[in-house]
Amino acid sequence: MATKTKEGAAAHSDAETAAEDVTAVEETARTGSGDEHPEPEADRAAKEDREPEEDGEPEEDGEPEEDAETEAEVSTGVGQGAGAVVSAALGLVSLSGGWIGTVAGARQQLVGQLRTSSTATVAKQIKAVYGDAWHSTAMWAGVFALAALLTGVVVLVRPAFGTPGRPQTPWIRSVAWAGVSLGVIGLLLAVLKYSDALLALPSAG
């Protein structure tokens, strides 16, 4: 009797085990692999926050920015160099009078001849024919001198409005200072000529 009881208990235990296995298989079939575990909500939210960053465009390295800065430096240097050369050229033109000053003086001389009658006094004829033409030439020389001065000053102060701590090329500063110096000299001579303090008209008496 004891043997039959033990066999019955073992058979009942095997039946329960088989039923549990069937239940586990059915549960696995419904939920998927038994190795998968539902992710906590906090981990899922963190993963979703990271996904846009991973799906976004790759971060650019520093090379494009460096190339842009180099191109900007070259462009700025070229502009300052051109401005310095223009300043020096305008300073030279202010000293020589230039083609515009010569044409303006000749035109004013012709106007003086047309507007002055033959019966006018010698002093009036000299002033109308030569004096006004001389003043016109001096005025245009002063215009070129002022342009040279302003251009040179702009080139010299340009680095103050650019990248701090970046020195200006020495030759640009030298040429700009030359333009400023020629502009000052040309402006001073123009004022002296226009006011008859330098090379005044001869006296008719």
Side-chain angles (χ1 to χ4, degrees), residues 66-205:
E66 293 178 357
D67 294 341
E69 291 180 358
T70 304
E71 292 178 359
E73 292 175 10
V74 172
S75 178
T76 303
V78 171
Q80 294 180 12
V85 173
V86 169
S87 175
L90 290 175
L92 292 175
V93 171
S94 68
L95 295 179
S96 62
W99 176 78
I100 296 179
T102 302
V103 172
R107 179 181 181 280
Q108 190 64 38
Q109 184 176 1
L110 179 60
V111 171
Q113 291 175 355
L114 295 174
R115 291 182 178 179
T116 304
S117 62
S118 57
T119 58
T121 61
V122 176
K124 186 175 181 180
Q125 291 180 3
I126 292 176
K127 182 180 182 306
V129 175
Y130 298 103
D132 293 344
W134 180 248
H135 290 166
S136 178
T137 303
M139 182 188 68
W140 279 103
V143 170
F144 282 112
L146 183 61
L149 178 61
L150 294 178
T151 304
V153 169
V154 169
V155 173
L156 291 175
V157 302
R158 175 63 180 82
F161 300 96
T163 304
R166 181 167 296 164
Q168 195 175 42
T169 306
W171 74 267
I172 294 179
R173 295 184 62 84
S174 299
V175 177
W177 275 114
V180 170
S181 301
L182 292 174
V184 171
I185 295 173
L187 189 60
L188 178 61
L189 292 177
V191 172
L192 293 177
K193 288 187 292 184
Y194 194 85
S195 61
D196 292 332
L198 180 65
L199 299 176
L201 292 175
S203 176

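Note that the numbering runs from 1 along the sequence shown for the chain.
- The NZ atom of K127 sits 11.0 Å away from atom OG1 of T121, with the distance rounded to the nearest 0.5 Å.
- Taking 4.5 Å as the limit, every side-chain heavy atom of T137 sits out of range of all side-chain heavy atoms of T102.
- Distance CG/L110 to CZ/R115: 10.5 Å, rounded to 0.5 Å.
- Summarising the geometry of L156 relative to A176, their closest heavy-atom pair is CD2-CB, 3.7 Å, with the distance given to 0.1 Å.
- Of the residues V143, T151, L149, the one that meets the side chain to side chain contact (heavy atoms under 4.5 Å, CB included) test with L90 is T151.
- Taken from CD in Q108 to OH in Y130, the straight-line distance is 14.0 Å, to the nearest 0.5 Å.
- Within a 6.0 Å radius of CH2 in W99, other residues, nucleotides and ligands contribute 12 heavy atoms or fewer.
- H135 is listed as a side-chain neighbour of D196, based on a closest heavy-atom distance under 4.5 Å.
- A distance of 11.0 Å separates OG of S136 from CD of Q109, quoted to the nearest 0.5 Å.
- Atom OG1 of T116 and atom CG of D132 lie 8.5 Å apart (nearest 0.5 Å).
- Contact annotation: the side chain of V155 approaches that of Q168 to within less than 4.5 Å [non-hydrogen atoms, C-beta and beyond].
- Nearest heavy-atom pair across A145 and S94 is N-CB, 3.4 Å.
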- Does the pair L95 and F144 meet the rule for a side chain to side chain contact (heavy atoms under 4.5 Å, CB included), with working shown? CA-CA 9 Å; L95 295 179; F144 282 112; over 6 Å; no
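- The two residues S87 and V180 have their closest heavy-atom pair at OG-N, 3.9 Å.
- Taking each heavy atom of W134 and L198 in turn, the nearest pair found is NE1-O, 4.1 Å.
- Annotation for A138 and Y194: closest pair CB-N, 3.8 Å, computed over non-hydrogen atoms.
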